[in-house]
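One structure is given here, and the rest of the page talks about it.
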Amino acid sequence: MQEKQAIKSSPLLEVSHLAVHFPVNGKGLFKRQVGSVRAVEDVSFSISHGETFGLVGESGCGKTTLGHAILQLHDLVGGKVLFDGQDLGKLSKKELRTARKDIQLIFQDPYSSLDQRMTVEQIVGEPFMIHKTCGKKERREKVLELLDVVGMPSYTLDRYASEFSGGQRQRIGIARALALRPKFIICDEPVSALDVSIQSQVLNLIMDLQKEFNLTYLFIAHGLSVVKHVSDNIGVMYLGRLVEISAKKQLYANPLHPYTEALLSAAPIPDPTVERSRIVLRGDVPSPIKMRTGCSFKFRCKYAEEMGDICKEKLPELVEIMEGHHVACHRYDGQAGNHLGKV
Ligand code: SF4
């Protein structure tokens with residue numbers, strides 16, 4: 001599989017202190033709100049033009065909610081999203097609709113994300129219809145061009161989505177996402193539902209399209225092996241918060257957060273002569289409903305005991321430890337009084 005070269009330019013997307021909570025309602029007649037799920041909490045990062053930001057974490061950690069919050073599909077409790085200099089939260093419905101032409105989504109599951117009753121022409125041509133950008137004849141020509149771009153033959157135009165394999169369906173979904181020539185695409189685990197043999201083909205297609213159309217990506221995945229090939233920078237998410245952000249090379253060479261260490265130990269190594277001992281995390285991800293003090297990783301962290309009370313009492317802030325390498329852990333922020341870290 002191809003590797004990405006590092007790119008440096010100005011930010012296209014800037015996410016600052018983003019927070020999304022979902023109400024939890026009790027039983028009874030009035031179903032009063034009894035709590036809230038803190039799905040995304042105080043998340044900040046930026047993505048430069050032409051860059052890919054890999055976002056990694058276990059299922060339920062808030063990755064997809066964060067992607068949807070960028071698209072303004074959820075009400076924000078706090079924070080803002082600047083896209084191409086525009087604060088998306090301050091746009092009118094009409095302005096947001098226009099801005100969304102530039103921000104598209106590739107879905108995780110190509111089986112459920114495409115309407116089985118629609119033909120390929122209808123699926124890929126739908127964005128042109130919604131935004132009324134062209135007539136029927138031109139639309140058909142554009143759909144044919146898009147199919148060619150994603151490697152689908154022209155005879156598939158009148159076929160139904162249900163007639164295709166997972167990999168072909170994902171190509172159709174990618175063609176649809178490209179239709180309005182967006183600047184930015186949120187790739188929400190685009191290969192996790194595909195056979196392993198197809199995954200690298202679709203990943204290579206996504207990377208080729210980035211070069212061809214000068215695209216910027218937020219690439220969501222649940223493990224570090226997939227994002228290694230596509231990302232420039234990587235953010236690791238745990239229980240709604242970013243716990244580590246770094247350039248790809250630095251993160252793989254020197255993971256700082258204990259959660260990143262555990263994720264990395266689970267990523268397969270292509271060289272059979274290299275051995276890596278796997279770190280098995282204790283327990284499950286705690287409930288995001290309960291308010292807790294201290295570090296949210298403390299119940300599963302192998303260093304929590306030796307760190308004493310600080311991890312139970314104080315939430316670690318995401319701080320820059322080395323240039324571009326941020327981590328939220330008291331082993332590195334000096335709060336524990338002694339520096340136990342390995343930087
Ligand atoms: Fe572990 Fe403490 Fe760091 Fe949290 S702050 S990851 S509990 S060492």
Side-chain angles (χ1 to χ4, degrees), residues 15 17-21 37-45 53-63 65-66 220-225 227-228 231 233-267 276-343:
V15 173
H17 305 291
L18 205 72
V20 181
H21 298 174
V37 175
R38 294 161 176 266
V40 176
E41 196 73 316
D42 196 19
V43 167
S44 302
F45 64 98
F53 187 88
L55 182 66
V56 181
E58 287 164 293
S59 299
C61 73
K63 312 180 294 285
T65 305
L66 174 58
I220 299 172
H222 60 259
L224 277 165
S225 51
V227 291
K228 184 173 185 184
S231 306
N233 291 307
I234 293 176
V236 179
M237 202 167 179
Y238 186 76
L239 218 63
R241 290 177 182 273
L242 281 174
V243 294
E244 187 159 3
I245 303 177
S246 169
K248 173 179 73 177
K249 242 185 175 171
Q250 177 68 22
L251 189 97
Y252 284 84
N254 188 19
L256 298 182
H257 199 279
Y259 180 56
T260 315
E261 275 187 74
L263 286 182
L264 198 57
S265 78
R276 184 160 57 197
S277 55
R278 175 142 191 203
I279 301 168
V280 180
L281 290 175
R282 298 175 290 177
D284 294 321
V285 182
S287 163
I289 299 174
K290 284 190 185 163
M291 278 287 285
R292 288 192 177 79
T293 51
C295 174
S296 55
F297 193 61
K298 61 181 179 281
F299 300 116
R300 306 174 83 190
C301 179
K302 62 180 181 179
Y303 305 109
E305 216 164 291
E306 69 184 64
M307 292 292 291
D309 289 341
I310 183 86
C311 299
K312 293 182 203 136
E313 290 166 2
K314 201 165 188 301
L315 179 75
E317 302 279 332
L318 192 69
V319 288
E320 191 168 21
I321 302 294
M322 285 173 274
E323 198 192 339
H325 197 157
H326 301 72
V327 65
C329 174
H330 293 312
R331 292 183 78 217
Y332 303 97
D333 61 9
Q335 296 280 330
N338 56 342
H339 196 281
L340 299 171
K342 56 176 181 175
V343 181

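Just so it is clear, the structure is predicted and the values come from calculations on it, not from any experiment. Numbering of ligands and ligand atoms starts at 1, following listing order.
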Without swapping roles, check the side chain of His17 against the backbone of Glu41 for a donor-acceptor pair under 3.5 Å.
no

Has Cys329 got an N, O or S atom lying less than 2.8 Å from atom 1 (Fe) of ligand 1?
no

How long is the straight-line distance from CG of Leu55 back to CD1 of Ile234, given to the nearest 0.5 Å?
10.0 Å

Ligand-side contact atoms (ligand 1) for residue partner His257, heavy atom cut-off under 4.0 Å
6 (S)

May I ask you to decide if the ring planes of Phe297 and Tyr238 are parallel, tilted or perpendicular, using 30° and 60° as cut-offs?
perpendicular

For His222, does its backbone N or O pair with a side-chain atom of Lys63 as donor and acceptor, under 3.5 Å?
no

At less than 4.0 angstrom from any non-hydrogen atom of Cys301, what atoms of ligand 1 do you find?
1 (Fe), 6 (S), 7 (S), 8 (S)

What are the atoms of ligand 1, with element, lying closer than 4.0 Å to any heavy atom of Cys311?
2 (Fe), 5 (S), 7 (S), 8 (S)

Can you find a side-chain donor-acceptor pair between Glu244 and Thr260 that sits under 3.5 Å?
yes

For Pro258, the ligand 1 atoms with a heavy-atom partner under 4.0 Å come out as 6 (S)

Looking at atom 2 (Fe) of ligand 1, is there an N, O or S atom belonging to Cys295 that lies under 2.8 Å away from it?
no

Top protein contact for atom 5 (S) of ligand 1, by heavy-atom distance:
His330 N, 3.3 Å

Taking 4.0 angstrom as the limit, do Arg300 and Glu58 come out as a salt bridge?
yes

